[in-house]
Amino acid sequence: MWSLRAWRRRRILARHPISPATWAAVRQHLPLLDGLDETEDQRLRERAQLFLHHKHLTALPGVELDELARLTLAAQAELPLLHLAERDWYRGFHEIVLYPDDFLSPQRHRDASGVVHEWDAAHSGEAWQQGPVILAWPGVQASGDWDAYNLVIHELAHKLDMLGGDANGLPPLHRDMRVSDWASAMQSAYDRLNAQLDANPAADTAIDPYAAEDPAEFFAVTSEYFFSAPDLLAAAFPAVYAQLKLFYRQDPLARLQRLQTAHPDYRTRTNEGHCTTNG
Ligand SMILES: [Zn+2]
């Protein structure tokens, strides 16, 4: 059956071809894509092209955005959607603004006695309801490995969360998922992390303590780990990993383990959680 959507899509892809050499360079920049099979690789490549067609990347002075950089960002943006039905998951924004460095943004925090503190904090990313995604370029450049950090996936997870209204840690779940399962997995892990930090604010937590900030950050940080440190997340919070696996419909832990089985020294972690091959 002829479809306007498919025709448009083919036209966009034909107009902005990616050379095999450029895509190979993208793959080399992004170890967290290692182990994708050929179908996934091809799909990600097309979706990264379409992403760049639909979203406007605005580079502020000091940010050098060439084709490789744009594709590297787009490939990470599309990784979480790779096994989701093709609908407009990122419909909540049209623009990504790239800052040359961390930026200041007014912050608020209500402490246990109800006092709201406000201060300026250096941020590397922000996603506003109905607004653009803001990313600090050094954070984008530091993303892409299996090292428990991915600014692109973190901020775009906030956008998925916002599809259901305010960011509250509950993105629109699929029909085969249950809100009660999601809520109990997320809440108990969130409570455990907070209890650990309440007992000792300097505690060496299994995942970034920023996840304890609020449920929206918990979802964004655990999404970031799901794709960039699935082994750490699955070990610390298996029920959270299981829910994210149902939501994203992929299993990065299995992919990482296949890579490690094939190459025994592939990205094995030190005690600090860093990958030994990171440099
Ligand atoms: Zn966040």
Side-chain angles (χ1 to χ4, degrees), residues 32 101-127 135-136 138-139 142-143 145-158 161 166-171 180-245 247-248 252-253 256-257 267-279:
L32 89 169
D101 217 329
D102 284 1
F103 44 92
L104 292 180
S105 152
Q107 296 292 300
R108 296 164 57 136
H109 167 72
R110 189 185 298 271
D111 71 17
S113 58
V115 177
V116 175
H117 302 269
E118 296 193 86
W119 71 97
D120 280 338
H123 255 195
S124 30
E126 276 179 1
L135 301 172
S143 303
D145 212 333
W146 297 98
D147 57 0
Y149 178 82
N150 196 296
L151 181 62
V152 179
I153 291 174
H154 179 110
E155 294 307 325
L156 291 177
H158 284 313
D161 190 356
D166 284 342
N168 58 3
L170 178 64
S180 57
D181 293 343
W182 178 275
S184 76
M186 296 294 170
Q187 187 72 49
S188 66
Y190 178 74
D191 289 347
R192 252 172 59 208
L193 186 63
N194 270 287
Q196 190 188 3
L197 289 165
D198 287 347
N200 173 15
D204 187 13
T205 51
I207 66 170
D208 188 339
Y210 190 56
E213 200 77 5
D214 58 47
E217 292 308 337
F218 190 81
F219 171 62
V221 171
T222 53
S223 291
E224 198 178 339
Y225 273 68
F226 182 76
F227 290 102
S228 69
D231 47 348
L232 295 183
L233 180 65
F237 301 120
V240 170
Y241 185 87
Q243 287 298 309
L244 291 177
K245 184 175 152 192
F247 178 66
Y248 289 113
L253 177 61
L256 178 60
Q257 287 172 338
R267 261 66 180 174
T268 45
R269 292 191 196 281
T270 64
N271 290 335
E272 293 84 44
H274 299 298
C275 289
T276 49
T277 46
N278 270 347

Looking at [X] and [Y], what are the two nearest heavy atoms and their distance?
X	Y	value
Asp208	Tyr225	N-OH, 3.0 Å
Ala136	Leu151	O-CD2, 3.6 Å
Leu244	Phe219	CD2-CE1, 3.8 Å
Ala148	Glu224	O-OE2, 4.0 Å
Ala127	Glu155	N-OE1, 3.3 Å

| message | Holding to side-chain contact (heavy atoms from CB on, under 4.5 Å), I want the full list of residues that pass it with Ala167, two or more places apart in sequence or in another chain. | response |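 Ala167 satisfies side-chain contact (heavy atoms from CB on, under 4.5 Å) with Asp161, Met162, Ala216 only.
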| message | Show, in sequence, the C-alpha distance, side-chain angles and deciding distance for Val240 and Phe218, and conclude whether the side-chain contact (heavy atoms from CB on, under 4.5 Å) test is met. | response | CA-CA 10 Å; Val240 170; Phe218 190 81; 4.1 Å; yes
| message | Would you say Tyr248 and Ser223 are linked by a side-chain donor-acceptor pair, where the criterion is simply a distance under 3.5 Å? | response |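 On atom types as modelled, these side chains qualify, holding a pair under 3.5 Å.
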Would you say [X] and [Y] make side-chain contact, with heavy atoms under 4.5 Å?
X	Y	answer
Leu32	Ile153	yes
Pro230	Leu256	yes
Gln243	Phe247	no
Phe227	Pro252	yes

To the nearest 0.5 angstrom, please state how far the [atom1] atom of [X] sits from the [atom2] atom of [Y].
X	Y	atom1	atom2	answer
Ser143	Leu135	OG	CG	8.5 Å
Tyr241	Lys245	OH	NZ	6.5 Å
Thr222	Phe237	OG1	CZ	9.0 Å
Tyr210	Asp214	OH	CG	7.0 Å

| message | Using a strict threshold of under 4.0 Å (side-chain N to carboxylate O), is an ion pair present between Arg267 and Asp147? | response |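 Arg267 and Asp147: not salt-bridged.
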| request: Using side-chain hydrogen bond (donor to acceptor under 3.5 Å, both in side chains) as the criterion, list what pairs up with Asp231, not counting sequence neighbours. | output: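 Asp231 satisfies side-chain hydrogen bond (donor to acceptor under 3.5 Å, both in side chains) with Arg269 only.
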| task | Taking Asp166 for its side chain and Asn168 for its backbone only, find out whether a donor-acceptor pair lies under 3.5 Å. | result |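 No, Asp166 side chain to Asn168 backbone: no donor-acceptor pair under 3.5 Å.
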| task | Please collect all side chain to side chain donor-acceptor pair (under 3.5 Å) contacts where either partner lies in residues 188-198, sequence neighbours excluded, each pair once. | result |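 Those involving residues 188-198 are Gln187-Asp191.
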